[in-house]
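Numbers restart at 1 for each chain; the letters A, B, ... are given by sequence-line order, proteins then strands. A quick note: this is a predicted structure, and the numbers were derived from the prediction, not measured.
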Amino acid sequence: MQNSRQELDAILSKFKDRHGALIPLLQEVQLLEGYLKKETMKYIADQMSISAAEIFGVATFYSMFRLKPQGKHVVRVCKGTACHVSGANVILNAIKEHLKLEGEEDTTEDTMFTVMEVACLGCCSLAPVIMIGDQTYGKLTPEAIPGVLNKIVG
Amino acid sequence: MSKIIARLGLGSCGIAAGAEDVWVELKKVINDNSMPVTMEKTACIGMCFEEPVLELSGEGKPKVMLGKVESKDIKGILDGYLNDKLEYGNIILHEHEEAVHNELIANQQRIVLRNCGVIDPESLEDYEATGGYQALRKALSMKPTDIIDMVKESGLRGRGGAGFSTGMKWQFAHNAAGHKKYVVCNADEGDPGAFMDRSTLEGDPHAIIEGMIIGAYAMGADEGYLYVRAEYPMAIKHLRKAIADAEAKEYLGQNIMATGFKFELHIKEGAGAFVCGEETALMQSIEGKRGMPTIRPPFPAEAGLWGKPTNINNVESWANIPWIITHGAAEFRKFGTEKSPGTKVFALAGKIKNSGLIEVPMGMTLHDVIYKVGGGIKDDKKFKGVQLGGPSGGCVPASLLDTTVDYDSINKTGAIMGSGGMVVMDEETCMVDIARFFLNFTQNESCGKCTFCRIGTRRMLEILTRITQGKGVMEDIEKLEQLAVQIIKSSLCGLGQTAPNPVLTTLRYFKDEYIAHIVDKKCPAHSCEALVTYEIVPDKCVGCTLCARKCPVNCISGTVKQVHTIDQSKCIKCGACYTSCKFNAITKD
Ligand SMILES: Cc1cc2nc3c(=O)[nH]c(=O)nc-3n(C[C@H](O)[C@H](O)[C@H](O)COP(=O)(O)O)c2cc1C
Ligand code: FES
């Protein structure tokens, strides 16, 4: 805890007095802590003399910021146009089924996976596409999903 | 044996198709057999559907390009090429002989993509070897106003969507009062189904940077920003390296090419918000705020970033600049049409054979783009429409395939040129569902500032959803049209002003599909789940039990070697039985 507070302070001092720094600052904090905790946002507000409302406003505006803890592996399922016409829904259903996620749930019970829908990963030629961590998987079929996910868990 | 070069495409698409494994295998085979082969990296050549793509060349040997290369093929390929006995099933380009995609390249005109898939994007030397930074040298010897005149004469129009004259915009920023000015590159690429800018950023980052330095000099700016989508990690990595290399060589910095001209360039990563592609929202986002569009005027050229005069151009617009400076406006005008000179990069995706990145002269017909360059429809199905311009654009039907690609002709169809996304749709794509898809997107991405955009798009989405579920009524069509007009009229920025376009164009060209959903409760493309019925044809069913085992809700009954039946009341229309049946015994209607 002590350590992470120090790391957090290091990030804050790096961005102090730089104009327009709130977004990159929050990006780094999220990288450090996994998601944006309420306490952390309050702490940043105090330290940086920005209102907590402004920080919360920015954090909720951009889809990249997470306000809830997320799984160890983030599975981004592309729901862009090319993937949509190539059956992205079927892929998403297969993933949720394999990970036993129901309804609006996005993180598995064992917190191994968080499933997220994104609009276009820029690999539209390989539609339907998903990205796990930094690795992109293209030309997917629902049958291929269990294999891809099982390989990640190892 | 003469020395040969093996060049592998390691762009995002190549890597997604397994190019990294091929790279490791190449290295191993070359070392283990002490082959006289040099390995080089490049980015995306545009033939994404053929990735991983390997190019071989060498003195006295034809340049060849091989598609869908796998690790197991490497040894055979290299042995064959070295001994002039190359045998490989998928030679996609050949310098001297017939090859599958010679025509694909022959019909293109590559200005923006001139170096993509040719040079190593992480090597400044490679870029310089193609004449890189010579345009900057030339520009720095010219008067700023002469550069602006040249860009005006070239007729270059903004490639980010709206097609406004780049030279005019530069003139406004140049004329604006004040010493502090900014230039910005819009690399937010928000259209979901487009990847032109990603490929250029990954494949030729220096071209964009050189364009920006030239622009900064012409407009009198000393600082610039590249606003890049966070979903593009490789693009960001290549840009960072390119900026550092350019600084080391004094193409960027305090005393550029010893002329005393100063220019600093920063990267800003986006954080996921489509509206931030809109220029005023983008500037809010660079300033660290919520990306909410602001009213224009004042235009960015008068009061932009931190209130200073700012010029924003799209990636592709910037990448055209060095070429125009080097070759001149007249040369540029040799391509394209009178009102839309030059070329346009398109990202072909969807139900098309040659899915990937292409660059063609403006004025080519959509038919030629799709059939000559794109190779036609996947699995030779029937073409239904092509979506241009993403969520702000529209679907152009088969009857209008003679439309030429230039800003004005495409606008006439009700679609827009947009940034270059072209998603091809076939008989299995439901146009009502496509309209619903885009409204879902814009509804989600509306920043919420304007009531009509925020709530109007939601109402449209509800109506469209209803129709795709078979619960629509005829009055819904009228309501959609009314809402569309109101949203267009009462929205502040382009997001709302164009959000109804996908609905309006599908209503204009594919109204019969709306009516089929509403009146007949049928989806002609068999795509809307709620409106399809799966049935087993007794004559064809052999009773293999496969479908019953695949059914997730156990609604198929029957025993071995007996005809099976589906309990329609329990069926969730997932289609698992339909795709699993090996005897075509299940129909979808
Ligand atoms: C909702 C919305 C999203 C936009 N997204 C982009 C984008 O992703 N990339 C882009 O270059 N322009 C985008 N634009 C257009 C920009 O506002 C602006 O016109 C463009 O960056 C100007 O550059 P250009 O003159 O070189 O085309 C968008 C506009 C709107 C209204
Ligand atoms: S639409 Fe899925 S990667 Fe572009």
To check you understand the geometry: which heavy-atom pair defines the closest contact between [X] and [Y], and what is its length?
X: B:C447; Y: A:F61; answer: CB-CE1, 3.9 Å
X: B:S12; Y: A:C123; answer: CB-SG, 4.0 Å
X: B:F195; Y: A:C124; answer: CD2-SG, 3.3 Å

Exercise. Report the residues that fulfil ring-ring contact (aromatic ring centres under 6.0 Å, His included) with A:F56, sequence neighbours left out, ordered by chain and then residue number.
Key: none
So for atom [atom1], which belongs to [X], do other residues, nucleotides or ligands contribute more than 12 heavy atoms lying within a distance under 6.0 Å?
X: B:Y578; atom1: OH; result: no
X: A:K42; atom1: NZ; result: no
X: B:K237; atom1: NZ; result: no
X: A:N150; atom1: CG; result: yes
X: B:K68; atom1: NZ; result: yes
X: A:E105; atom1: CD; result: yes
X: B:K550; atom1: NZ; result: no
X: A:D110; atom1: CG; result: yes

Self-check item: Interatomic distance, A:S125 atom OG to B:L348 atom CG [nearest 0.5 angstrom]
Solution: 8.5 Å
Self-check item: Gap between atom SG of B:C13 and atom CG of A:L121 - 0.5 Å precision
Solution: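 Between atom CG of A:L121 and atom SG of B:C13 there are 13.0 Å.
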Practice problem: Heavy-atom pairs under 4.5 Å with chain A are the metric here; pick the option from B:K351, B:E445, B:R229, B:M196 that has the most. | Solution: B:R229
Exercise. Count the heavy-atom pairs under 4.5 Å between each of B:G18, B:P192, B:C574, B:A194 and chain A, then report the option with the highest count.
Key: B:P192
Is there a side-chain contact between [X] and [Y], using heavy atoms and a 4.5 Å cut-off?
X: A:H84; Y: B:D433; value: yes
X: B:D191; Y: A:C120; value: no
X: B:V423; Y: A:V85; value: yes

Practice problem: Could you please state which residues from residues 284-292 of chain B sit under 4.5 angstrom from chain A, measuring non-hydrogen atom to non-hydrogen atom, sorted by number, or 'none'? | Solution: B:S285, B:I286, B:E287, B:G288, B:K289, B:R290, B:G291, B:M292
Quiz prompt | Interface residues of residues 269-276 of chain B facing chain A - non-hydrogen atoms under 4.5 Å apart | solution =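 Within residues 269-276 of chain B, near chain A: B:E269, B:G270, B:A271, B:G272, B:A273, B:V275, B:C276.
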What part of [X] gets closer than 4.5 Å to chain A, counting heavy atoms only: side chain, backbone, both or neither?
X: B:I434; value: side chain
X: B:A235; value: neither
X: B:A347; value: neither
X: B:K268; value: side chain

Self-check item: Option that, when pairs with chain B are counted at under 4.5 Å, heavy atom only, ranks first among A:A119, A:C83, A:S86
Solution: A:A119
Quiz prompt | chain B contact via A:Q135 - side chain, backbone, both or neither, heavy atoms under 4.5 Å | solution = side chain
Practice problem: Determine which residues belonging to residues 72-81 of chain A lie within contact range of chain B, meaning some heavy atom pair is under 4.5 Å apart, and list them by number or answer 'none'. | Solution: A:K79, A:G80, A:T81
